[in-house]
Amino acid sequence: MQTERIAIEGMHCANCSALIQKMVGRMDGVETCEVNLAANNGTVTFDPQRTNMAQVVQTIVDLGYGATVIPKENRAAFDRERREREAAQRRHDLRLFCMSLVLTALIMVISMTPLGMSALMPLATAIFGEGHTHEQMMLVMNVVCMVLTIPVQFVAGARFYRGALGALKARSANMDTLVAVGTSIAFVYSLYVTFSPTTAGTMAPFETSAMLITFVQLGKMLEAKAKGRAGEAVEELMSLAPKIAHVKRADEVVDVPIDDVRVGDVVQIRPGEKVPVDGTVIEGSSSVDESMLTGEPMPCEKTVGDEVCGATINGNGSLIVTATRVGAESTLSRIVEMVEKAQGSRPKIQQLADRIASVFVPAILLLGLVTFAGWMIYAAATTGVDGAAFERALMAGVSVIVVACPCALGLATPTAVMVGTGRGAEQGILIKDGDALQQAGKIGKVVFDKTGTLTQGMPMVVGVAHGEEASEEDVVRFAAALERGSEHPLARAVLMYAAENDIQVPANMVSDFEARVGSGVTGRVDGELFGFGNERLVHELTGGEVPAWCKEFAQSGAGAHATVMYLVFESFGVAGAIAAADKPKPTSAEGVRMLHERGLEVYLLTGDARSAAEHVAEQVGIEASHVMAEVLPGQKAERVAELLDPSHEKLVAMVGDGINDTPALATADVGIVMSAGSDAALEVGQIVLMHDDVRDVATAIALSAATMRKIKQNFAWAPGYNLLLVPLAAFGILPPELSSACMALSSVSVVTNSLLLGRAKLK
């Protein structure tokens with residue numbers, strides 16, 4: 001299956017997005033189609049053997065909307081073109097609105113003030129002579145209003161007719177249908193009043209349809225502006241990338257557009273410039289500000305062999321790097337893609353809006369017809385049916401149709417999701433989809449991995465013990481030889497200790513190296529099998545237990561609150577032990593406290609010894625009864641599963657730092673990865689904490705809760721607003737022109753409420 005994203009233009013309400021989803025989703029070969037009204041885009045997953053994006057785009061165009069495939073490469077150029085098109089569309093909409101506003105104002109002056117009649121008196125005299133009648137004067141005024149209304153109705157209002165026609169082709173209805181039907185009824189009735197002999201001398205209500213279209217246009221312009229603010233987070237992220245790179249071509253350095261840089265290109269980064277691509281330093285040294293990724297204010301020193309990420313800021317030195325990831329594969333691009341995907345995703349709560357929208361428009365059309373019929377029946381039973389009664393009934397029906405447009409309902413969820421995920425991205429919290437955003441607010445238990453999550457992940461050797469068969473130097477040398485090349489934090493601690501104490505480790509000392517999951521590593525020296533690992537490895541190699549002197553070392557002094565690893569020889573047993581301790585991060589205790597203040601249960605899950613785990617738990621504020629220690633990697637998922645709530649009232653979050661925690665992350669209701677922008681972290685888990693800060697777990701949960709509150713507020717407001725105003729419209733209290741203004745206000749208010757998430761207190 002292949003997944004592509006599409007930029008969609010011309011959507012106005014929940015029925016528009018639902019219509020596109022339904023019609024594209026029905027296509028042969030399309031697995032899923034998700035459309036985001038607030039972001040004006042969609043995501044399609046399809047089988048390229050059975051359909052293609054050209055057919056998908058054509059299906060959307062046939063419905064009356066604009067559609068363009070969003071390219072994975074050259075996104076900067078595409079986004080510039082899209083912004084230019086959107087800016088041109090806004091200018092076009094503004095011109096149409098100004099035209100509508102001026103013409104509508106003239107219509108209202110003519111039809112509602114004495115000034116209008118005075119201004120048109122000379123025209124009536126020129127046509128009918130000095131002795132023209134009142135009926136002839138009204139005819140002139142009505143015809144002039146008709147001429148002024150036609151551009152408003154069929155030029156400014158053309159977009160509504162196109163949208164309604166597209167919906168009609170798909171045997172559906174949307175907001176365009178309501179506006180087109182409502183204004184057309186008002187316009188046709190005005191024509192009837194103008195030219196029917198039975199209504200001679202009556203002023204036709206052309207201002208009704210003109211004001212309807214003008215107010216709806218105003219509402220759509222305000223809504224578009226507010227929706228643009230909801231998507232500012234992605235714009236800000238994309239603006240971080242530099243536009244050009246200094247690339248070595250032949251024997252000179254040339255400036256090329258960032259989209260033209262290729263993997264393997266040699267790029268020069270001058271002092272103070274932004275790093276244009278992800279790459280490896282091959283020459284020079286400098287400090288690089290990586291705060292946009294890690295949140296750390298202190299620059300990181302970079303030298304030959306180190307990795308740099310695009311959009312970070314170079315310090316005072318010059319760097320030459322080889323580009324390793326460019327375009328869509330760069331770290332920044334992948335972050336942007338993740339945020340856009342999250343903003344375009346649909347949490348389960350959106351399904352409620354979709355179900356309501358699917359029946360809302362037909363129900364409103366029926367309600368408008370019932371309102372009209374009710375007024376006519378009332379008139380027949382009281383004053384009798386005449387022109388005035390018919391107009392009252394018709395205007396009440398039109399008001400109902402217009403005021404009940406479901407625009408606000410369609411914007412309730414996506415605008416809140418956009419603002420929520422954007423707010424998270426600004427704080428280094430990447431929420432991958434709407435479901436994760438929805439679920440995070442219901443978390444009741446948080447399970448932390450220890451090393452690299454709660455702790456700094458850089459243990460230091462704090463003690464070495466040895467038996468009669470080896471010296472301290474021998475223990476360190478053999479352990480370092482086995483751990484050479486390993487990326488495990490304890491391996492780095494041993495190698496660092498050997499280097500600091502000038503202990504020489506021969507490069508080819510060990511053969512037949514083997515990593516044993518959950519116990520340690522083994523290898524051979526001159527045919528002798530030995531290993532470095534935990535108590536389990538001691539039993540595996542010797543069949544016996546850890547000797548008393550090792551237990552004493554592990555239970556007191558340096559080893560009491562440290563992880564102890566043993567140097568074991570198959571022939572004679574334990575030769576020595578090394579204790580390494582890892583300190584909690586400075587923010588861990590505060591992060592755990594913040595979770596406790598929210599009423600959450602906090603657990604510690606680790607493969608380390610219980611004494612070391614409980615010591616860390618005590619330092620950060622986790623109860624000893626909530627410590628799960630000495631757990632094998634394969635058993636972590638089982639321990640998380642034991643905490644799951646079958647009722648799903650209190651969800652479980654697993655917080656880890658990478659690949660080794662993947663099974664547990666997948667088992668938990670919500671997987672949260674803490675990593676400063678690593679490749680693995682961007683692929684694992686539903687929420688990625690880029691700043692590697694324990695406090696951000698509580699912030700992510702608070703953000704989810706705040707976002708869901710906004711969605712629920714919007715859901716209560718949007719239909720509640722309609723339910724309040726529909727009776728006013730049905731009883732004739734709310735005229736059509738005010739109905740259109742109220743409908744526009746409903747959409748703007750929902751978007752504005754979502755934007756208030758940007759000010760929500762999360763810490």
Side-chain angles (χ1 to χ4, degrees), residues 94-157 179 182-219 221-222 375 386-399 402-403 725 728-729 731-745:
L94 180 60
R95 288 194 294 269
L96 287 180
F97 170 72
C98 291
M99 177 198 74
S100 299
L101 183 63
V102 171
L103 294 178
T104 300
L106 291 174
I107 295 166
M108 293 178 66
V109 168
I110 292 171
S111 60
M112 296 182 174
T113 68
L115 180 61
M117 180 177 290
S118 301
L120 293 179
M121 189 72 72
L123 179 61
T125 301
I127 297 173
F128 297 109
E130 289 288 346
H132 60 267
T133 64
H134 173 73
E135 288 77 6
Q136 291 170 332
M137 185 70 226
M138 288 296 101
L139 178 62
V140 169
M141 293 174 67
N142 283 341
V143 170
V144 171
C145 287
M146 178 191 71
V147 172
L148 295 174
T149 303
I150 286 174
V152 179
Q153 184 74 36
F154 299 107
V155 178
V179 175
T183 59
S184 295
I185 290 173
F187 183 76
V188 170
Y189 175 70
S190 298
L191 292 178
Y192 169 79
V193 171
T194 299
F195 297 108
S196 174
T198 60
T199 56
T202 303
M203 193 68 210
F206 281 108
E207 74 281 353
T208 298
S209 63
M211 289 181 69
L212 282 174
I213 289 176
T214 301
F215 275 124
V216 172
Q217 280 183 304
L218 176 61
M221 289 170 59
L222 294 175
W375 274 94
D386 55 13
F390 180 82
E391 183 174 343
R392 281 197 304 271
L394 188 64
M395 292 300 102
V398 169
S399 291
V402 173
V403 80
L725 295 182
L728 298 180
F731 285 104
I733 300 173
L734 203 63
E737 53 271 21
L738 285 182
S739 294
S740 62
C742 290
M743 184 267 287
L745 180 62

How long is the span from the [atom1] atom in [X] to the [atom2] atom in [Y], to the nearest 0.5 Å?
| X | Y | atom1 | atom2 | value |
| --- | --- | --- | --- | --- |
| M141 | L123 | CE | CG | 11.0 Å |
| M99 | T214 | CE | OG1 | 8.0 Å |
| L106 | C145 | CG | SG | 9.0 Å |
| M138 | M117 | CE | CE | 3.5 Å |
| L120 | N142 | CG | CG | 10.5 Å |
| L728 | S399 | CG | OG | 10.5 Å |

For a quick test of your reading: what N or O donor-acceptor pairs under 3.5 Å do the side chains of residues 202-211 make, sequence neighbours left out?
unit_1, atom_1, unit_2, atom_2, d
T202, OG1, T199, O, 3.2
E207, OE1, S111, OG, 3.4
T208, OG1, P205, O, 3.4
S209, OG, Q153, OE1, 3.4
S209, OG, F206, O, 3.4

inquiry  = Would you say that V179 contacts L212 through its side chain, given a criterion of any heavy-atom pair below 4.5 Å between the two side chains?
reply    = no
inquiry  = In the structure I gave you, are the side-chain heavy atoms of T149 and S190 within less than 4.5 Å of one another anywhere?
reply    = no
task = Could you list all the side chain to side chain donor-acceptor pair (under 3.5 Å) pairs where at least one residue sits in residues 113-125, not counting sequence neighbours?
result = none
Counterpart residues, ring pair (Phe, Tyr, Trp, His ring centres under 6.0 Å), relative to Y192 (two or more places apart) = none
message = Would you call the rings of F154 and F187 parallel, tilted or perpendicular, taking 30° and 60° as the class edges?
response = perpendicular
request  = Please report the shortest heavy-atom distance between I213 and V152, naming the atom on each side.
outcome  = CD1-O, 3.6 Å
query = Shortest non-hydrogen contact from A156 to Q217?
reply = CB-NE2, 3.5 Å
request  = For atom CZ of F731, decide whether the heavy atoms of other residues, nucleotides or ligands shown that lie under 6.0 angstrom number more than 12.
outcome  = no
